[in-house]
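A quick write-up on the structure given underneath.
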Amino acid sequence: MAFLTLKYRPNELSYSRVGFVVSTKTDKRAVVRNRAKRKVREVIRLNWSKITTGYDIMVIIRKGADQEAQAEIKGLLGNLLERAALLKS
């Protein structure tokens, strides 16, 4: 099962915005939820120049994301952004 879900919608701005959602159903401990957000946020930061402008992007982080390696998160998130046509050519 995928531990990341991507939702997006065009905005009328000249830049994109990214939000992260981690439910307490993922894990009751804030430390675990914050670790998962930090990992995903770092992947977004490293690829920010490749993301198309003018979109609001929401990354929903599910159970297991904090256990995954950074390379695994990068691959999955890159695949999701590519399928949503949110990466610059």
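Everything numeric here is computed off the predicted structure, so don't read it as measured data. Keep in mind that the numbers below use all heavy atoms, side chains included, and drop hydrogens, waters and symmetry copies.
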N/O donor-acceptor pair under 3.5 Å between [X] side chain and [Y] backbone:
X	Y	value
Ser16	Gly54	yes
Lys39	Glu68	yes
Lys88	Thr52	no
Arg33	Lys28	yes

Practice problem: Given side-chain contact (heavy atoms from CB on, under 4.5 Å), test Leu77 with Asn47 step by step and report yes or no. | Solution: CA-CA 10 Å; Leu77 194 56; Asn47 294 302; over 6 Å; no
Quiz item: Can you tell which of Leu76, Asp66, Leu4, Val18 makes a side chain to side chain contact (heavy atoms under 4.5 Å, CB included) with Val40?
Solution: Leu4
Can you tell me how far [atom2] of [Y] sits from [atom1] of [X], rounded to the nearest 0.5 angstrom?
X	Y	atom1	atom2	answer
Arg35	Ile61	CZ	CD1	12.5 Å
Leu6	Arg83	CG	CZ	9.0 Å
Phe3	Ile60	CZ	CD1	14.5 Å

Quiz item: Going by heavy atoms in the side chains, are Val59 and Leu80 under 4.5 Å from each other?
Solution: no
Practice problem: Measure the shortest side-chain to side-chain distance between Ile57 and Ile51 over non-hydrogen atoms and say whether it is less than 4.5 angstrom. | Solution: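 Yes; the side chains approach each other to less than 4.5 Å.
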Practice problem: Measure across Leu13 and Asn11 and return the closest heavy-atom pair with its distance rounded to 0.1 Å. | Solution: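 Of all heavy-atom pairs spanning Leu13 and Asn11, the closest is N-OD1, 3.0 Å.
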Quiz item: More than 12 heavy atoms of other residues, nucleotides or ligands under 6.0 Å from CD of Glu82: is that the case?
Solution: no
